[in-house]
Each structure stands twice: as structure tokens, then as C-alpha cells.
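Following: one structure in C-alpha cells, then a few remarks.
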Amino acid sequence: MLGYYVQGLVTGQGPVENWAAHVADPFAVNGFMYHGSVAMFAASGEKWYGPDRPKWLGPLSDNNVPEYLTGEFPGDYGFDTAGLAKDPVKFEKYREAELVHARWAMLGTVGCLTPELLSKYFGFSFGEPVWFK
């Protein structure tokens with residue numbers, strides 16, 4: 001259910017509309033299609049990208065955004081006090097590192113939950129399957 005909600009927010013379409021668009025042209029509407037350096041959601045004219053995107057302080061930010069933050073990347077709300085996105089090459093490396101760390105975090109979550117679920121519902125014995133002690 002959460003997926004339907006997020007899908008509606010991101011694409012502006014319900015599940016049936018999104019499915020119909022995918023069936024009509026399966027290669028034009030998927031998460032792997034990129035337009036420039038931005039995923040398909042940015043190219044669809046959503047309010048989260050571009051110069052008119054929401055800023056980190058909303059109306060209080062007075063469009064005081066560094067010139068290198070153009071709103072073309074997800075999560076760009078015009079806030080970069082450390083200047084981490086000034087150098088495009090370094091910023092690309094930071095983005096890749098963030099993806100790698102996020103994937104490791106997801107695997108860690110699975111590694112924490114699997115022993116508990118297996119011991120609780122399937123009778124496996126791991127000694128002490130509690131990861132937080």
C-alpha cells in the first residue's frame with residue numbers, strides 16, 4: 001500500500017494509469033530510463049526538480065541557493081553548506097558511494113531480521129538470535 005502512495009506522489013498517476021502507460025510503451029516508462037543525468041521522474045515535469053523545486057527552508061530561503069545546485073538530482077533542496085557538490089566529479093563519486101552504502105545497509109537489515117524470523121516462525125535454533133544485545 002505504501003508503494004501505491006509513493007508511486008502516486010512521484011509519478012502523479014495511479015497504479016492502473018501507470019500500468020497502462022507501461023503496457024503501451026514498456027521501454028519508455030521504467031526506472032532504468034534516464035534523460036540526461038536525471039531519472040524518468042525528473043523529466044516528467046514534477047515539482048521536485050528544476051529551479052522551482054521546494055527549497056530547504058521553503059519560502060524563508062529567498063532563493064539563496066548555490067549556483068551549482070540546479071535541481072537536477074534527487075534530494076537537491078538547495079542546501080550544501082559543506083560544498084560537497086561543487087566539484088561534479090567528486091559529487092558523482094559521493095553519489096556512487098551513497099548507493100553502495102545504502103545497499104550494504106539493506107543487506108544488514110536482512111541479516112538482522114532473518115535469524116529472528118527463522119527462529120520464531122520456522123523453529124531454527126541459532127543460539128541467541130537477538131541482534132541488539
Discussion item. Do K93 and V89 have side chains that approach each other closer than 4.5 Å (heavy atoms only, starting at C-beta)?
Written reply: yes
Worksheet item: Quick one: are the ring centres of W56 and Y77 less than 6.0 Å apart?
Response: no
Worksheet item: Same cluster or not: are F79 and L57 linked, directly or through other Ile, Leu, Val, Met, Phe, Trp or Tyr residues, by side-chain heavy atoms under 4.5 angstrom apart?
Response: yes
Response to the item:
SG of C112 to CG of L107, rounded to nearest 0.5 Å, is 11.0 Å
Fill in: Minimal non-hydrogen separation, G78 against P66, with atom names
O-CD, 3.9 Å
Worksheet item: What pair of heavy atoms forms the shortest contact from R53 to D76, and how long is it?
Response: NE-O, 2.7 Å
Worksheet item: Can you name the closest pair of heavy atoms from K47 and P54 and give their distance?
Response: O-CD, 3.3 Å
Response to the item:
Residues at least two apart in sequence or cross-chain that pass salt bridge (Lys or Arg N to Asp or Glu O under 4.0 Å) with E98, listed by chain then number, are none
Worksheet item: Just by distance, with hydrogens left out, do Y68 and D87 show a side-chain donor and acceptor under 3.5 Å apart?
Response: no
Worksheet entry | Pairwise side-chain contact, F73 with F91, heavy-atom cut-off 4.5 Å (strictly under) | yes
Worksheet item: Would you say the side-chain atoms of T114 pair up with the backbone N or O of G111, donor to acceptor, closer than 3.5 Å?
Response: no
Fill in: Validation row: P74, W48 side chains within 4.5 angstrom (heavy atoms)
no
Discussion item. Are F124 and Y121 linked, directly or through intermediate hydrophobic residues, by side-chain heavy-atom contacts shorter than 4.5 Å (ILVMFWY only)?
Written reply: yes
Worksheet item: Do you reckon F122 sits in the same ILVMFWY cluster as L117, going by side-chain contacts under 4.5 Å, direct or chained?
Response: yes
Worksheet item: Hey, does K86 have a side-chain heavy atom less than 4.5 Å from the side chain of L69?
Response: no
Fill in: Heavy-atom closest pair, residues E67 and T70
O-CG2, 3.7 Å
